[in-house]
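The structure under discussion appears below in the form of structure tokens.
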Number of protein chains: 2
Amino acid sequence: MTTTQRPMRADARRNYERLLAAAGAAFAEQGTEASLEDVARAAEVGIGTLYRHFPTRRALLEAVLHDGVVTLDVRARELLESDSPEEALLEWMRHLVVHTTAYRGLAATLMSSIRDPGSELYVSCQTMRSSSARLLAAAQRAGAIRHDVTDADLIKLVNAIAWAGEHGDDDAERLLGLMMDGLRVRYERS
Amino acid sequence: MTTTQRPMRADARRNYERLLAAAGAAFAEQGTEASLEDVARAAEVGIGTLYRHFPTRRALLEAVLHDGVVTLDVRARELLESDSPEEALLEWMRHLVVHTTAYRGLAATLMSSIRDPGSELYVSCQTMRSSSARLLAAAQRAGAIRHDVTDADLIKLVNAIAWAGEHGDDDAERLLGLMMDGLRVRYERS
DNA sequence: ACCTGAACACCGTTCAAGT
DNA sequence: ACCTGAACACCGTTCAAGT
């Protein structure tokens, strides 16, 4: 499926880069629903050029997030080597929450993209999901995490916490801590 | 602050009721971002009439939700009499999640309204918040729930779970269970 | 091959005219 | 006092004309 990329014409490449930078700034400041006309204006490019390079808002978002997703993937592989699968899982969830909190509205977009193979963010979502699944399985094998927790649960909870973090000014770390305690294997009283 | 309501003119009252019914149906089907023009059309009323009765989308939402909020408030008072404050709190959270899940997008609206005294939903949010606070305090006094959990945490978690329930087709009950386990007082291993 | 922006569509909101 | 819908504003998206 990996199509060989023709080199872009110089002006096209320049416009592409300008759009990417402008979009990154706009999404960071105004959230993932930032006006695309504003983005084109900031990039000093016609709105048609934006649509030529990025046919949908999600395609633009995917390009903006791509490096971060790659970094996360690298981090996941490192964490899989950890001595403490439980600590590794918590650390992974922290990373996911930080990544998701970077742009207001991102949690909602990711949440719908994970169920939609037509979304340009679907591949990224699946990458993160499979990393989550492997880290979760390791923590469960180590006896740290309940066996009835699924990777779908994990994704939902992480996104839900990132979403909650968008509202209110305190950090999501505290909610993540409470959440994590709910996932742990517990010894019943009595 | 309770201003004496003049009786509405018969045609105004009729339009008000039609708008309320149409909005309830539209919000239930398309979420809280349903088109207000559609609502007016469904109510067979001019768009200007909608704005006259409900100056903002939130004012309309408040009117639609009002009965439900009153019912929840009654339920909270009953639950405060429960023998098991822990079970009462869980039951209360279930009610909140069900209420919030009724309209797609409601969790997000409530989450921003609770911090915004200018929102027409502010009073409802505060009512639910104080009920949550009392039920939480009771469960904490009974030794069932961690003392570091605040009512703000509780509200955020309930809304986050309702939000997650909007995406994906499984019910939120399962996530609520995991969440609740995170809030419980736990006996450390060793 | 790529860029541009006018044109179209859609929707929220206001307000002058009407009863 | 209340209703109406045309008018305005705003933004996403397409596409004919241009280089």
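First the proteins, then the strands, lettered A, B, ... as listed; each starts at 1.
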request  = Verify the cluster assignment for B/F54 and B/Y51: are they in a single hydrophobic cluster under the rule of side-chain heavy atoms below 4.5 Å apart?
outcome  = yes

request  = Flag the pair B/E17 and B/R14 as a salt bridge only when some basic side-chain nitrogen lies within less than 4.0 angstrom of an acidic carboxylate oxygen.
outcome  = no

Which donor-acceptor pairs under 3.5 Å do side chains of residues 39-50 of chain B form with protein atoms, sequence neighbours excluded?
unit_1 : atom_1 : unit_2 : atom_2 : d
B/R41  : NH2    : B/D38  : OD1    : 2.9
B/E44  : OE1    : B/R18  : NH2    : 2.5

request  = Output all residues satisfying side-chain contact (heavy atoms from CB on, under 4.5 Å) with B/A152, sequence neighbours left out; order by chain, then residue number.
outcome  = B/R129, B/T150

Any pair counted as side-chain hydrogen bond (donor to acceptor under 3.5 Å, both in side chains), so long as it reaches residues 98-108 of chain A, sequence neighbours left out = none

Counterpart residues, salt bridge (charged side-chain N to carboxylate O under 4.0 Å, His left out), relative to B/D116 (two or more places apart) = none

ask   = For DNA chain C, what residues of residues 35-42 of chain B have any heavy atom nearer than 4.0 Å?
value = B/S35, B/L36, B/E37

Pairs under 3.5 angstrom only: tabulate donor-acceptor contacts from the side chains of residues 59-72 of chain B to other protein residues two or more places apart or in another chain.
unit_1 : atom_1 : unit_2 : atom_2 : d
B/T71  : OG1    : B/D67  : O      : 2.9

Selection residues 133-142 of chain B - residue pairs positive for salt bridge (charged side-chain N to carboxylate O under 4.0 Å, His left out), sequence neighbours left out = none

inquiry  = Minimum heavy-atom separation for B/I145 and B/Q140, please, with both atom names.
reply    = O-CG, 3.5 Å

ask   = Does anything in residues 45-61 of chain B reach DNA chain D, meaning a heavy atom under 4.0 Å, and if so which residues?
value = B/V45, B/G46, B/I47, B/G48, B/T49, B/R52, B/H53

query = Could you state the interatomic distance from CD (B/Q126) to CE (B/M128), rounded to the nearest 0.5 Å?
reply = 10.5 Å

Smallest separation among heavy atoms of B/W92 and B/A76, with atom names = CZ3-CB, 3.6 Å

key: Secondary-structure string, 5' to 3', Watson-Crick or G-U under 3.5 Å, | for another-strand partners, for DNA chain D   = ||.|||||...|||||.||

task = Let me see the working for A/W163 and B/M111 under side chain to side chain contact (heavy atoms under 4.5 Å, CB included), right down to the final yes or no.
result = CA-CA 10 Å; A/W163 174 83; B/M111 203 69 153; 4.0 Å; yes

request  = Go through DNA chain C in 5' to 3' direction and return only the first and the last nucleotide with some atom under 4.0 Å of chain A's heavy atoms.
outcome  = C/dA1 to C/dA6

ask   = B/E78: what forms a side-chain contact (heavy atoms from CB on, under 4.5 Å) with it, not counting sequence neighbours?
value = B/V74, B/R75

key: Where A/R57 and A/A34 come nearest, the two heavy atoms and their spacing   = NH1-O, 2.7 Å

ask   = Which atoms form the tightest heavy-atom contact between B/A164 and A/A160, and what is the distance?
value = CB-CB, 4.2 Å

request  = With a 4.0 Å heavy-atom cut-off, tell me which residues in residues 12-19 of chain B come close to DNA chain D, sorted by residue number.
outcome  = B/A12, B/N15

